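Both counts, for ligands and for their atoms, begin at 1 and track the order of listing. Note that the coordinates shown come from a computational prediction; the quantities given were computed from them, not determined experimentally.
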Amino acid sequence: EKVEITKEQEALMKLIVEAYNKHQIPQDVTKQLLQDQYSTEENFLLLTEIATSQVQVLVEFTKNIPGFLSLDHEDQIALLKGSAVEAMFLRSAQVFSRKMPKGHTEVLEERIRKSGISEEFITPLFNFYKSVGELHMVLEEQALLTAITILTPDRPYVKDQQAVERLQEPMVNLLKKLCVLQHPQEPQYFARLLGRLTELRTLNHYHAEMLTSWRVNDHKFTPLLCEIWDVQ
Ligand SMILES: CC(C)c1onc(-c2c(Cl)cccc2Cl)c1COc1ccc2cc(-c3cccc(C(=O)O)c3)sc2c1
């Protein structure tokens with residue numbers, strides 16, 4: 001039967017996409033990727049600055065998700081802390097899937113490869129970027145997938161999981177309809193998108209190890225990253 005987006009789904013879509021477009025890392029931060037110092041230290045500092053800016057952007061985007069601010073305040077924090085790494089993998093993955101202006105893609109890859117991350121994490125990290133790139137997600141899908149990731153009910157320390165499910169479910173239903181409408185020739189596209197969310201969960205584990213190895217080599221993070229990642 002014909003797939004229809006309802007008026008209220010249309011309104012939800014508009015809110016999520018507007019929030020996603022409104023909250024972006026400032027150009028002057030990402031433009032620094034093009035500067036010419038490429039030492040491991042310089043790359044780490046640059047990625048730390050971008051990640052810090054990304055967390056600020058993520059918090060603002062999350063506050064615009066309908067219903068999020070009505071959740072229990074401690075649950076709001078638990079959702080942000082639990083999803084930050086996954087949301088940043090999604091965000092940085094978009095850079096690799098769309099051809100960034102002025103070759104951001106190449107310099108970002110170079111800087112990530114030479115930022116003190118051990119080889120064992122580089123492989124799964126770039127496999128994920130490749131698998132997201134192959135999906136050629138449209139902006140609506142990227143925005144919804146980020147909101148769905150943030151609204152994952154079973155994050156550690158979330159008390160009222162049902163309240164989070166009630167916010168996540170309409171987003172998942174909307175994304176499912178969008179996928180059918182955007183990719184009619186690919187019925188399994190929605191399943192492939194959700195498969196990326198599963199892959200994101202495994203990347204959380206790798207990221208925890210990345211943080212430990214950086215800290216062992218006495219790398220400093222910003223106060224915001226220390227707070228969201230419970231380090232130092
Ligand atoms: C603290 C730091 C060393 C770190 O620790 N782990 C990670 C990480 C790494 Cl490596 C990979 C995945 C996830 C994490 Cl969390 C990072 C760096 O995280 C980030 C986070 C967001 C973004 C957005 C970018 C980006 C570029 C150009 C354009 C745009 C754009 O949105 O236009 C975005 S790069 C970037 C790097």
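- The closest approach between a heavy atom of F126 and any atom of ligand 1 is not below 4.0 Å.
- The part of V95 lying near ligand 1 is the side chain, judged by heavy-atom distances below 4.0 Å.
- Checked by distance only, ligand 1 and R91 come closer than 3.5 Å through their nitrogen or oxygen atoms.
- With a heavy-atom cut-off of 4.0 Å, L47 touches ligand 1 through backbone and side chain alike.
- Taking a 4.0 Å cut-off on heavy atoms, H207 registers as neighbouring ligand 1.
- Remark: F126 engages F96, Y129 in a ring pair (Phe, Tyr, Trp, His ring centres under 6.0 Å) (not counting sequence neighbours).
- Residue contacts with ligand 1, taken as heavy atom pairs separated by less than 4.0 Å, involve L108 solely via side-chain atoms from C-beta onward.
- Among residues two or more places apart in sequence or in another chain, the side chain to side chain contact (heavy atoms under 4.5 Å, CB included) test is passed with E169 by N173.
- With atom 12 (C) of ligand 1 as the reference point, the heavy atom nearest to it among Y129, F44, Y206 is part of Y129.
- Distance alone, capped at 3.5 Å, places no donor-acceptor pair between the K114 side chain and the S39 backbone.
- One side chain, T52 or T222, offers a donor N or O that lies under 3.5 Å from an acceptor on the other.
- At a 4.0 Å heavy-atom cut-off, ligand 1 does not touch T52 at all.
- At a 4.0 Å heavy-atom cut-off, ligand 1 touches W229 through the side chain alone.
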